[in-house]
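In what follows, a single structure is set out as structure tokens and then discussed.
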There are 2 protein chains.
Amino acid sequence: MNIGEAAQASGVSAKMIRYYEEIGLITPAARTGNNYRTYGGDQVHVLRFIKRARSLGFSLEETQALLKLWQDRSRESAAVKDIATTHIDDLERRIAEMQGMVKTLKHLAHCCGGNDRPDCPILDDLAGSASPAHTD
Amino acid sequence: MNIGEAAQASGVSAKMIRYYEEIGLITPAARTGNNYRTYGGDQVHVLRFIKRARSLGFSLEETQALLKLWQDRSRESAAVKDIATTHIDDLERRIAEMQGMVKTLKHLAHCCGGNDRPDCPILDDLAGSASPAHTD
DNA sequence: TGTAGGGCTTCCCATCATGGGAAGGTCAAG
DNA sequence: CTTGACCTTCCCATGATGGGAAGCCCTACA
């Protein structure tokens, strides 16, 4: 299976497959006589694992750790859970941060006429001259 | 006021002030005889505006648009509101995406023993072999 | 007056994950 | 034999920020 087919089968672009190989996330693919990379079912399985981990927001570094644990039959599930819960905490922190922004923005947008006149509480807030809209 | 003081007064790092100047977000600062950048109260006000916009999650591109509107006395507040609501939508989309990840991850983590044994539903899900944990 | 320190300047590099594109080799079908 | 679709490597760009080096400038202090 050439890289294009492996990309199709795994949902990971050929570009990314080469990159993952370059950074050592996956082991270098075997080459055929024409120097083309070849992939088998196992490799595609690994690529799908990576794809899924990425879709759950894990970084490539975390993904690599998970990959190693996956391939380690003597792993302790606690190690996996640790990575997952740390990631959950990170996601929740970022969600809360963005929710704070949304809250403030919605308040400001609600107070803004959104018409052809220039007065605008959104700009007033940004300029720091407005009645302090709660930042939380 | 030198760049260090302006940084202190605005909360924007000197590094970033130079960068903002380089990309045309702010107008180049005047220079003194020794080639040092000089800033006045107005410039600091602009920097604080940028700082606040960034803290609400606006990109530098959006921030530039907001800055122009702020400085345009004949603006229509609708233009400002447009930018804000587009940004709110974007934030909410990203929040929803991350919440989906959290939901899936929490479910998986809940099902994972987190002990010294190797069996782990988190890895099973990533490997695609598990009972399909809802991706939503 | 010399020096030490801190601030300023520019320039280059790194991050993180991904895509775009060029230049050139290879293969299969028509 | 040509055409087109692959593949290869290499370089560049993204967005916003930080780190750090090399070198200039100014002030304070001995």
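Chain identifiers are assigned alphabetically (A, B, ...) following the order of the sequence lines, protein sequences preceding nucleic acid strands; residue numbering begins at 1 within each chain. Computed from a predicted model, the values in this text were never measured in an experiment.
Across the protein-nucleic acid pair, B:Glu22 atom CD and C:dC12 atom C1' stand 12 Å apart, rounded to whole Å. In this structure, A:Leu25 atom CG and C:dC16 atom P are separated by 13 Å, rounded to whole Å. C:dC16 atom C1' lies 12 Å from atom CZ of A:Arg94, rounded to whole Å. Rounded to whole Å, atom P of D:dT9 lies 12 Å from atom CG of A:Asn34. Distance, A:Asn2 CG to C:dA28 C1': 12 Å, rounded to whole Å. Atom CD of B:Glu21 is separated from atom P of D:dA16 by 18 Å (rounded to the nearest Å). Between B:Glu61 atom CD and D:dA16 atom C1' the separation is 13 Å, expressed in whole Å. To the nearest angstrom, P of D:dC10 lies 16 Å from OH of A:Tyr19.
For A:Arg18, there are no salt bridge (Lys or Arg N to Asp or Glu O under 4.0 Å) partners, not counting sequence neighbours.
Applying the 4.0 Å criterion to OP1 and OP2 of D:dC24, one finds that B:Asn35 has every side-chain N and O outside that range. Side-chain N/O atoms of A:Arg37 include none lying less than 4.0 angstrom from OP1 or OP2 on C:dT26. Between C:dG19 and A:Ser13, a contact under 4.0 Å exists linking OP1 or OP2 to a side-chain N or O. Side-chain nitrogen and oxygen atoms of A:Tyr20 include at least one within less than 4.0 Å of the OP1 or OP2 phosphate oxygen of C:dT18. For A:Arg31 and D:dC7, the shortest distance from a side-chain N or O to OP1 or OP2 is not below 4.0 Å.
Expressed to the nearest 0.5 Å, how far CZ of A:Arg52 lies from CZ of A:Arg48 amounts to 12.5 Å. Atom CD in B:Glu92 sits 14.0 Å away from atom CD in B:Glu97 (nearest 0.5 Å).
Of the two residues contacting DNA chain C, namely A:Arg54 and B:Lys15, the nearest-nucleotide position lying further toward the 5' end is that of B:Lys15. Between A:Gly4 and B:Gly33, the residue anchored closer to the 5' end of DNA chain D is A:Gly4, taking for each the nucleotide with the nearest heavy atom.
Comparing C:dT10, D:dT17, D:dC25 by their closest approach to the side chain of B:Met16 singles out D:dT17. For B:Arg18, taking side-chain heavy atoms from C-beta onward, the closest of the listed nucleotides C:dC8, C:dT9, D:dA16 is C:dT9. The side chain of A:Ile3 lies closest to D:dC7, out of D:dC25, D:dC7, D:dT17.
For C:dG25, its base sits under 3.5 Å from the side chain of A:Tyr36 at one donor and acceptor pair at least.
Ring-plane geometry between A:Phe49 and A:Trp70 is classed as parallel, the angle between the planes falling under 30 degrees on a 0 to 90 degree scale with a further cut at 60.
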| request: Determine, step by step, whether B:Thr38 and B:Asn2 satisfy the side chain to side chain donor-acceptor pair (under 3.5 Å) criterion, reporting the C-alpha distance in whole Å, the side-chain angles of both residues, the deciding distance to 0.1 Å, and the verdict. | output: CA-CA 5 Å; B:Thr38 341; B:Asn2 283 343; 5.8 Å; no
